[in-house]
Every structure is written in structure tokens, then in C-alpha cells.
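Reckoned from all heavy atoms, side chains included, excluding hydrogens, waters and symmetry mates.
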Amino acid sequence: MAAGERRIVTAQFFERDPLICARELIGTVLVWGSCEGIVVESEAYLSVNDEACHTFMRPSTRAFLARNQAGAAYIYLNYGVHWMLNVTVKGTDEGFVLVRAMEPIAGFDLMEKRRGLTGPRQLCSGPGKLTQAFAITIRDHERDLCCDPKHCFYHTTGMFDVVADERIGITKAADLPWRFTLRGSPFVSRPVKQKEGAIAHPSGVRSG
DNA sequence: TTCGTGATAGAG
DNA sequence: TCTATCACGAAG
């Protein structure tokens, strides 16, 4: 990729397993109108054998997955307050990638205004925070995130050291290491849980 | 630590 | 209808 060139993350990217997509989404840039941020935290949810995934309990989510393509936005309201941004994944395994935190890189004034605070650290350091900063709502539900250059992910150059960790804020299947963060990033929603004696593998749970 | 908030689903 | 359950965030 030439310097300065921007390459959209295509639907093909999301036609792989959710774990792979979640890990490789770290380091991409989400562009949303005039706002941009580097994805530093994500989580994978599988449509089968994952009790924490909405498909486990919600027929409406199973219907959503059936009628939408890979790369479609799955957005819902949590706790009556916060919008959550997920990307539909359809590989051998199907599911979603939850975008949990970003390092903001453009549109600071707008984001600070929407969030009602100043300073970059807390603008997008959580799934509810980033949707507020980017003004992502239910209007964007089912949006194709792989075609509009103003509402998509972009690849970036460089290597990203990714840590696999347990998912946050769930009660079911909470032990699975399906949360991915950019190692050492101060923009994540919560610090990586360090298990005593554990050796974090830099490339996550799979080598692919 | 506690509490607001509303969509969704399942029970009665 | 009613109730439980949340992939959260801010205040205290």
C-alpha cells in the first residue's frame, strides 16, 4: 500500500471467522463523516455455542444475521442509554465483532462537543462512548460498512501487537478470551486483565 | 459502590 | 400485561 493511500476494509474481510476479524480489526481506522479513530479494542461474538451472543436468546438477531451480508452494521441500545456498534461477520463461523474502543485521530472538536468533555483519552474509550462521539445510532442499523468511503473501516500500514483477553461486562461465557486490544494502548475501555503466571500470546488465540 | 434507562423476550 | 435481563457510563 502506497503512502497516503487509503484502502477500504471490504466485505471479504468480514467473510472469515469472527475471532480472526475481531483481532485484525485492531489497527484499522474507522471513518464516520469527519470523525476518525484507530480501533484499539474489539470483541468477537459467535452465533452458535456462545451464550453471550444475542443470537443465543434473540430471534430478531438471528433474523438479522440471516438477511444481512458480511460487513453490515448491527446496532442496538443497551441499558436504555448506549448504542453498541457491531459488524456482521459471515465466515465458516458467523457472528459479530463489537467495536469497544478507539484512539481518536480526527474530528476532535465535534467529538468533544458530543461527549461534553475535553481531552482525547475518554472520547472513545468504551463502546457507548465511541458511538456517542461518532453519533452512531439506530439510524445506522443494517448500514453496509464496506461501500461508503465516509462510513467504513480503512486498512493502515504497520504491525499491531494484539493481546487476547476475556470479554468485558458479560455474565455468560465470560471466560473466553475473545476480547482483543492493542498492547499498551491508553485508549482502551479497561486495562487488560493480567492473570497470574499467564503468558499473553502477542498474536491472540489463533495464529491465522 | 449504585443507579438510570428502554428494547427485547418469555411467562402468565 | 408484567417482569427480568442486559456486550454501559457517570457520579459518588
### Message
Base, sugar-phosphate or nothing for A:Arg190? Non-hydrogen atoms, less than 4.0 Å.
### Response
nothing
Taking the side chain of [X] as heavy atoms from C-beta outward, which of [options] is closest to it?
X        : options              : answer
A:Thr171 : C:dC6, C:dA7, C:dC8  : C:dC6
A:Pro59  : C:dA7, C:dA10, B:dA9 : B:dA9
A:Leu77  : B:dA7, B:dT5, C:dA7  : B:dA7
A:Phe96  : B:dG6, C:dC8, C:dA7  : C:dA7

### Message
With the stacking rule set at 5.5 Å and 30°, tell me whether A:Tyr45 counts as stacking on C:dA7.
### Response
yes
[X] side-chain N/O to [N] phosphate OP1/OP2 under 4.0 Å:
X        : N     : result
A:Ser60  : B:dA9 : yes
A:Arg58  : C:dA7 : no
A:Arg100 : C:dC8 : yes
A:His54  : C:dA7 : yes

### Query
CZ of A:Arg115: more than 12 outside heavy atoms within 6.0 angstrom?
yes
### Parallel, tilted or perpendicular, as decided by the 30° and 60° cut-offs, for the rings of A:Trp32 and A:His151
perpendicular
### Message
If I take atom CG from residue A:Asn49 and atom CG from residue A:Asp93, how far apart are they, to the nearest 0.5 angstrom?
### Response
9.0 Å
